[in-house]
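Encoded as structure tokens, the structure appears first; notes follow it.
The chains referred to below are lettered A, B, ... by the order of the sequence lines, with proteins before strands, and numbering in each begins at 1. Because only heavy atoms are used, hydrogens play no part in the values below, and waters and symmetry mates are left out as well, while side chains stay in.
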Protein chains: 2
Amino acid sequence: MYAVKAMPRPRSLTPAQLAAAALTVVDRDGLAGLTMRAVGKELGTSTMALYRYVADREELEGLVVELVLDRVDSTPPADLPWPERLRVLVERVRAATGAHPAVVPLFPAHRHRSPGVLRWSEAVLGVLTEAGFDGTRRVIALRGLLSYVIGAIQLEHLGPLSGSGTVTMAQLPRTDFPLMAETAQAARQVGPDEEFGGGLDVLLRGLVAHSDRD
Amino acid sequence: MYAVKAMPRPRSLTPAQLAAAALTVVDRDGLAGLTMRAVGKELGTSTMALYRYVADREELEGLVVELVLDRVDSTPPADLPWPERLRVLVERVRAATGAHPAVVPLFPAHRHRSPGVLRWSEAVLGVLTEAGFDGTRRVIALRGLLSYVIGAIQLEHLGPLSGSGTVTMAQLPRTDFPLMAETAQAARQVGPDEEFGGGLDVLLRGLVAHSDRD
DNA sequence: ACCTGAACACCGTTCAAGT
DNA sequence: ACCTGAACACCGTTCAAGT
């Protein structure tokens with residue numbers, strides 16, 4: 001007398017499959033192409049089937065961000081001075097997100113839901129703690145690094161030095177914008193790696209000075 | 001024998017009015033409420049009238065960003081050491097955008113079209129030049145400051161320390177995230193001004209160290 | 001020239017119906 | 001339980017028609 005009740009029909013999808021399909025769509029069609037209908041088609045199911053796994057389109061976006069950020073390697077790099085270890089951790093975020101530039105605009109709004117970011121933050125706090133940071137200063141250092149990496153990644157993909165913005169800069173009237181016109185020349189020779197790394201250098205130097213203070 | 005040709009009917013709107021109406025909508029209804037229909041209604045015209053002034057919804061967003069960023073005061077602050085002058089310029093961007101937090105997500109994508117940003121950049125370059133920066137280092141310093149301000153403003157409005165993210169942090173399992181749990185306590189006592197200013201301090205200290213180098 | 005409203009091709013999401 | 005398709009209330013934008 002088994003099966004008195006109807007057997008629950010097994011789910012045909014996992015959240016991981018859903019996230020993977022959504023990321024495939026974003027990589028192929030851009031962020032504007034990420035629609036419930038497109039993801040349903042990508043999975044070979046109806047559009048409405050997605051709502052069994054996700055409350056919202058926003059939650060779907062959250063899954064995509066999670067998938068990308070969970071790939072950030074957060075194992076603490078050893079055998080290096082602490083500023084170099086911070087650099088490695090920050091560069092890993094850039095590497096993971098750089099592989100999926102179309103997802104970058106979603107990053108700020110959904111950052112908090114990703115376990116990957118939590119692990120990464122814990123690793124950064126570990127290095128900062130060893131370097132002697134605690135209390136308010138440690139909070140500010142973590143948030144400062146996070147602000148820089150978020151801003152720099154967006155600038156890299158939405159307004160790169162190699163792009164049209166620099167050309168516009170170079171064509172600015174020299175009477176009103178002498179330094180912008182001059183800087184545009186130099187900007188053309190700065191690659192994205194040098195730009196990101198250079199700015200990070202400044203920030204890390206600031207942290208070193210900060211830790212030496214008192 | 002005047003008026004051989006039909007008099008061109010005068011435009012009933014200016015781009016400035018359009019931008020102001022759109023900003024009113026965004027401030028009242030949020031970014032999701034910014035639709036062509038809503039802006040048309042706000043102006044008392046038909047939806048389609050907007051297309052006489054703007055090619056696109058994207059161009060409308062650009063006008064909003066312009067309106068907000070053009071209010072950034074870019075007159076160089078005098079009588080201060082150069083790092084303090086940079087601080088004043090950066091804080092002014094925060095002040096102007098902080099008055100319209102819903103616009104913040106549009107900032108990165110439309111940053112380049114705003115004359116206000118160009119004037120601000122020229123002012124920042126002026127201070128950096130006086131401080132002895134030139135060539136690649138000047139480019140990197142400008143972009144680093146821009147990255148920080150963009151990232152920090154977004155973090156402030158999309159994931160503030162006072163918000164739910166910090167509560168989640170505090171509730172994290174101490175076995176896996178001992179430092180996050182500990183840091184959440186300190187984070188609750190850091191206000192947005194202290195956070196933004198503290199991170200900016202680190203960056204400015206890094207620039208000072210950078211300029212002393214060689 | 002400038003403005004309008006209907007219409008088209010999309011969205012996300014609700015809901016009743018199927019298995 | 002889980003999945004489906006029709007339907008609803010929106011979008012941005014095209015186009016023909018009005019003044």
Side-chain angles (χ1 to χ4, degrees), chain A residues 2-26 28-65 102-103 105-106 109-110 113, chain B residues 2-26 28-65 102-103 105-106 109-110 113:
Chain A
Y2 58 93
V4 170
K5 297 184 179 178
M7 286 292 283
R9 181 166 166 184
R11 302 199 146 200
S12 62
L13 297 171
T14 65
Q17 282 177 293
L18 213 156
L23 184 56
T24 300
V25 170
V26 173
R28 192 208 316 127
D29 305 324
L31 197 51
L34 180 65
T35 66
M36 303 303 273
R37 284 167 172 86
V39 176
K41 183 170 286 182
E42 183 69 30
L43 288 164
T45 68
S46 74
T47 304
M48 291 315 300
L50 306 181
Y51 285 88
R52 288 273 130 199
Y53 302 88
V54 118
D56 234 43
R57 186 213 142 100
E58 206 199 319
E59 207 173 300
L60 180 67
E61 292 179 352
L63 283 181
V64 176
V65 174
V103 183
L106 297 179
H110 296 276
R113 285 205 220 140
Chain B
Y2 57 93
V4 171
K5 296 183 180 179
M7 286 293 282
R9 181 166 167 183
R11 301 198 147 201
S12 61
L13 298 171
T14 65
Q17 281 177 293
L18 213 155
L23 183 56
T24 300
V25 171
V26 173
R28 190 206 319 125
D29 305 325
L31 197 50
L34 180 65
T35 66
M36 303 303 274
R37 283 168 173 84
V39 175
K41 183 170 287 180
E42 183 69 28
L43 288 165
T45 67
S46 74
T47 304
M48 293 315 300
L50 306 182
Y51 286 88
R52 288 274 131 198
Y53 303 88
V54 118
D56 235 41
R57 186 212 142 98
E58 205 198 321
E59 209 173 298
L60 180 67
E61 292 179 352
L63 283 182
V64 177
V65 174
V103 184
L106 297 179
H110 295 277
R113 282 202 223 143

Give the rounded distance in Å between these two atoms: [atom1] of [X] and [atom2] of [N].
X: B:E59; N: D:dG12; atom1: CD; atom2: P; answer: 15 Å
X: A:K41; N: C:dC11; atom1: NZ; atom2: P; answer: 9 Å
X: A:L31; N: C:dG12; atom1: CG; atom2: P; answer: 11 Å
X: A:D29; N: C:dC10; atom1: CG; atom2: C1'; answer: 15 Å
X: A:Y53; N: D:dA1; atom1: OH; atom2: P; answer: 15 Å
X: B:E61; N: D:dG12; atom1: CD; atom2: C1'; answer: 12 Å
X: B:E58; N: D:dC11; atom1: CD; atom2: C1'; answer: 16 Å
X: B:L60; N: D:dG12; atom1: CG; atom2: P; answer: 9 Å

Counting side-chain heavy atoms from CB outward, which of [options] is closest to [X]?
X: A:A49; options: D:dT4, D:dC2, C:dT4; result: D:dT4
X: B:S12; options: C:dT13, C:dC3, D:dG5; result: C:dC3
X: B:T45; options: D:dG5, C:dC3, C:dT4; result: C:dT4
X: B:R37; options: D:dC3, C:dC3, D:dT13; result: D:dT13
X: A:M48; options: D:dG12, C:dT13, D:dT14; result: C:dT13

Practice problem: Apply the test side chain to side chain contact (heavy atoms under 4.5 Å, CB included) to residues A:M36 and A:V54: give CA-CA distance (whole Å), side-chain angles for both, the deciding distance (0.1 Å), then the verdict. | Solution: CA-CA 10 Å; A:M36 303 303 273; A:V54 118; 4.2 Å; yes
Quiz item: When you check the phosphate oxygens OP1 and OP2 of C:dC3, does a side-chain N or O of B:R52 lie under 4.0 Å from one of them?
Solution: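 Result: no.
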Quiz item: Under 4.0 Å: is that the gap between some side-chain N or O of B:Y51 and OP1 or OP2 of D:dT13?
Solution: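 Answer yes for this pair, as a side-chain N or O of B:Y51 is under 4.0 Å from OP1 or OP2.
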Quiz item: Any idea which heavy atoms bring A:L34 and A:L60 closest together, and the distance?
Solution: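 Looking at all heavy atoms of both residues, the closest pair is CD1-CD2, 4.2 Å.
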Quiz prompt | Heavy-atom pair of closest approach, residues A:H110 and A:G62 | solution =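 Minimum heavy-atom separation between A:H110 and A:G62: ND1-CA, 3.5 Å.
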Quiz item: Does a side-chain N-to-carboxylate-O contact under 4.0 Å join B:R113 and B:E59?
Solution: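 Here B:R113 does not pair with B:E59 in a salt bridge, since their nearest N and O are not under 4.0 Å apart.
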Practice problem: Could you check which nucleotide pairs with D:dC10 in any of the strands shown, counting Watson-Crick or G-U wobble with both distances under 3.5 Å? | Solution: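 Partner of D:dC10: none found under 3.5 Å.
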Practice problem: Under a 3.5 Å limit for both distances, which nucleotide forms a Watson-Crick or G-U wobble pair with C:dA16, could you say? | Solution: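 Across any shown strand, C:dA16 pairs with D:dT4.
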Quiz item: Who pairs with A:R52 by side chain to side chain donor-acceptor pair (under 3.5 Å), at least two apart in sequence or on another chain?
Solution: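 Counting only residues at least two positions away or on another chain, A:R52 forms no side chain to side chain donor-acceptor pair (under 3.5 Å).
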Quiz item: When all nucleic acid strands are considered with a 4.0 Å heavy-atom cut-off, which category describes A:R57: base, sugar-phosphate, or nothing?
Solution: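 Sugar-phosphate contact only - A:R57 comes under 4.0 Å of backbone atoms but never of a base.
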Quiz item: Which part of the nucleic acid, if any, lies within reach of A:M36 when heavy atoms closer than 4.0 Å are counted: base, sugar-phosphate only, or nothing?
Solution: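 Counting heavy atoms under 4.0 Å across all strands, the contact made by A:M36 is with sugar-phosphate only.
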